[in-house]
Amino acid sequence: LRPRNRTLAAVAAGDPPLLPAAAASSISPAPPSLTDTRYIPLSAQPLFHRQPRDREEALELIPRYARRSATPVSLRQLVDFGRKPTAERLLLAAQLMHRELSIRLAHRVVELQSLPYGLSDMRSVQRVRELYENSFADLIMYPRPERKGEEERRFTELLRRIRDRHADVVRQMARGVLELKQACGLGADNLHISSFLDRFYTSRIGIRVLISQQVSMSLERARQGYVGIINTRCRPAHVAGDAIDAARALAYRYFGDEPPAVRILGNVDLEFPFIEGHLYHMLFELLKNSLRATYECHRDSPDALPPVKLIIADGQEDVTLKIADEGGGIPRSSLPEIWTYMFTTAPAPPESLIQDDVIPPGGATPASRDTDPIAGLGYGLPLSRLYARYFGGELSITSMEGYGTDAYIHLAKLGNKLEALV
Ligand code: ADP
Ligand code: MG
């Protein structure tokens, strides 16, 4: 490996400058295209170790990987890097993923092993840890792809399988925390637990972004205006339209009445680069909350339900979206609690969460939109805030008790903020 192949991040992480010849025999030299890393701070340099032969040997490497720091990337870097997805660039990206994802997965395994209050011993948490261990092992037992084309695509398919089998992790963790609460009264309002969950879910968002970006660029057909999963011309008014339709349909099924109208105001033509899925997630959660609050606050009144307003603003630094409802607001004493996982004023959590149902091979039981409850997990706000903060944004709530609630989503417009990996 030539020194110019090493990025600043690799130097900072203290990578060995050169691979000894003996070690290099199991790892082919990196291709010259590695200079492309000028776009992205990730390193493709393999960590110095022998190719593990089995799961057990692979798991022994976890502490080594966990000693490395994850390298956060920005939206802008992902766009610049992915703009010309040549076969060489995709191979390089796969090699970057091979190292970076192994490091990120290793961190999670180590943390899942050492949670306080016996949370690590909860069955559902152990299952999540096994999932992370398996993915780590699968990843580092898979030789780093060295040839563009087929070899890179087969590796990317492995990434896709890993992503898909982690689909149910949020629910599994939620179940673990619920078990803990039932067992000893400690809930997600506990500071240790909520900051662990913040770290855990943020990391999960990051891992899924990196994998989805690679899968999209390598295995899926390119879409006009997109770089992988990033829409360079993401239009908040369009995403809001979809989220409004879905949230209103859900509200209708749940309450059996015509739900409040939602009006989109402000800069409806605005476009900026963003991951639509993330924006959709936040808007859908906030709209569900506003529709439910409006309905519950006004259902006994003969007047029409007051509409929810969704206002889009374009600034120099931020794109801001405000969701304003007249649903009666939130008592000031509850405001700190709404950011903790599992705080809800909705009836008991849905059966599907509590039931310890058998998870099919592969691990995934993605809850379908149809069976999603409108509320009840208490996860809507804290998770949405992680999505907002992920690329340097923020989500905040202001309430006027007795009148209504304003929720603000601030998103960094320039895309130059690094992933907020905590
Ligand atoms: P969930 O909707 O599953 O209860 P959330 O995290 O989305 O979980 O919200 C937590 C709680 O915060 C809700 O149960 C509700 O009591 C309160 N809340 C959130 N948004 C609003 C709103 N717009 N108006 C009134 N109360 C709200
Ligand atoms: Mg909610």
Side-chain angles (χ1 to χ4, degrees), residues 170-171 173-175 177-178 181 187-190 193-195 197-198 201-202 205 240 243-244 246-255 259-263 278-301 305-311 321-354 367 369 371-389 394-409:
V170 174
R171 204 174 64 118
M173 275 312 298
R175 191 191 291 155
V177 176
L178 198 68
K181 193 165 197 162
D189 50 341
N190 177 285
I193 297 177
S194 65
S195 64
L197 291 172
D198 281 346
Y201 290 131
T202 302
I205 293 171
I244 290 168
R248 290 187 80 242
L250 191 62
Y252 181 74
R253 265 202 303 280
Y254 195 76
F255 298 115
V262 182
R263 303 222 171 98
H278 290 190
L279 182 54
Y280 179 90
H281 183 105
M282 296 181 262
L283 289 173
F284 181 63
E285 290 300 332
L286 293 175
L287 286 164
K288 277 192 302 180
N289 287 351
S290 287
L291 294 177
R292 172 182 162 227
T294 305
Y295 181 80
E296 290 186 348
C297 182
H298 296 271
R299 71 174 132 203
D300 299 327
S301 144
L305 295 173
V308 174
K309 286 187 218 136
L310 195 159
I311 304 151
L321 290 93
K322 168 165 137 175
I323 290 106
D325 67 55
E326 294 176 27
I330 304 168
R332 201 150 52 94
S333 61
S334 295
L335 279 176
E337 287 179 279
I338 60 175
W339 300 110
T340 64
Y341 298 84
M342 314 204 78
F343 171 79
T344 181
T345 53
E351 284 297 297
S352 58
L353 177 73
I354 305 170
R369 273 266 140 69
T371 57
D372 270 359
I374 188 157
L377 285 185
Y379 266 57
L381 290 175
L383 264 190
S384 296
R385 189 168 68 172
L386 297 183
Y387 277 105
R389 288 179 169 174
E394 187 54 282
L395 171 60
S396 59
I397 295 243
T398 315
S399 140
M400 277 170 86
E401 195 191 13
Y403 183 77
T405 304
D406 291 344
Y408 293 87
I409 304 173

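Both ligands and their constituent atoms are indexed starting at 1 by order of listing. Everything numeric in this text was worked out from a predicted model, so none of it was measured.
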### Query
Which residue from T340, T405, T345 reaches closest to atom 22 (C) of ligand 1 through any of its heavy atoms?
T405

### Derivation of the side chain to side chain contact (heavy atoms under 4.5 Å, CB included) call for I409 and L283
CA-CA 9 Å; I409 304 173; L283 289 173; 3.8 Å; yes

### Query
For the atom pair CG (L386) and CG (D198), what is the distance rounded to the nearest 0.5 Å?
5.0 Å

### Message
Any heavy-atom pair between the side chains of D406 and Y408 that's under 4.5 Å?
### Response
yes

### Task
Could you tell me which atoms of ligand 1, counted from 1 in the order shown, lie closer than 4.0 angstrom to a heavy atom of A293?
22 (C), 24 (N), 25 (C)

### Task
May I ask whether R292 places a heavy atom under 4.0 Å from ligand 1?
yes

### Task
Distance to 0.1 Å, residue and atom name: give those for the protein heavy atom nearest to atom 18 (N) of ligand 1.
I330 CD1, 3.7 Å

### Query
So do I330 and E401 actually touch side chain to side chain, heavy atoms under 4.5 Å?
no

### Task
Before signing off on this row, confirm whether L381 and ligand 1 have an N or O atom pair separated by under 3.5 Å.
yes

### Query
With a 4.0 Å cut-off on heavy atoms, is G329 touching ligand 1?
yes

### Message
Below 4.0 Å, non-hydrogen atoms only: which portion of K288 touches ligand 1? Side chain, backbone, both or neither.
### Response
neither

### Query
Parallel, tilted or perpendicular: which fits the ring planes of Y201 and Y379, with parallel below 30° and perpendicular above 60°?
perpendicular

### Taking atom 4 (O) of ligand 1 as the reference point, the nearest protein heavy atom with its distance
T344 OG1, 2.5 Å

### Task
State the atoms of ligand 1, each with its element, that fall below the 4.0 Å cut-off from a heavy-atom position in G378.
1 (P), 3 (O), 6 (O), 8 (O)

### Message
Please report the interatomic distance NZ(K181) to CD1(I193), rounded to the nearest 0.5 Å.
### Response
9.5 Å

### Query
Of all the non-hydrogen atoms in the protein, which one sits nearest to atom 2 (O) of ligand 1, and at what distance?
N289 OD1, 3.0 Å

### Query
In the protein, which heavy atom is nearest to atom 10 (C) of ligand 1, and how far is it?
F343 O, 3.3 Å

### Task
Taking only Lys NZ, Arg NE, NH1 and NH2, and the carboxylate oxygens of Asp or Glu, determine whether R389 and E394 approach each other closer than 4.0 Å.
yes

### Message
Once you restrict to heavy atoms under 4.0 Å, what part of D325 touches ligand 1? Side chain, backbone, both or neither.
### Response
side chain

## Note on the structure
All heavy atoms of H281 vs all of S384, minimum pair found to be CD2-OG, 3.9 Å

### Task
Check P306 against E326 and note the closest heavy-atom contact, atom names and distance.
CB-OE1, 3.5 Å

### Query
At a non-hydrogen distance cut-off of under 4.0 Å, which region of A407 contacts ligand 1 (side chain, backbone, both, or neither)?
neither

### Task
Start with the C-alpha gap between W339 and I397, add the side-chain angles, then the distance that decides, and say whether side chain to side chain contact (heavy atoms under 4.5 Å, CB included) holds.
CA-CA 10 Å; W339 300 110; I397 295 243; 3.6 Å; yes

### Task
Nearest heavy atom to atom 12 (O) of ligand 1 wins, so pick from L291, I338, T294, L287.
I338

### Query
Which ligand 1 atoms, with their elements, are less than 4.0 angstrom from a heavy-atom of P382?
6 (O)

### Task
Using a cut-off of strictly less than 2.8 Å, determine whether T344 has an N/O/S atom near the Mg ion (ligand 2).
no

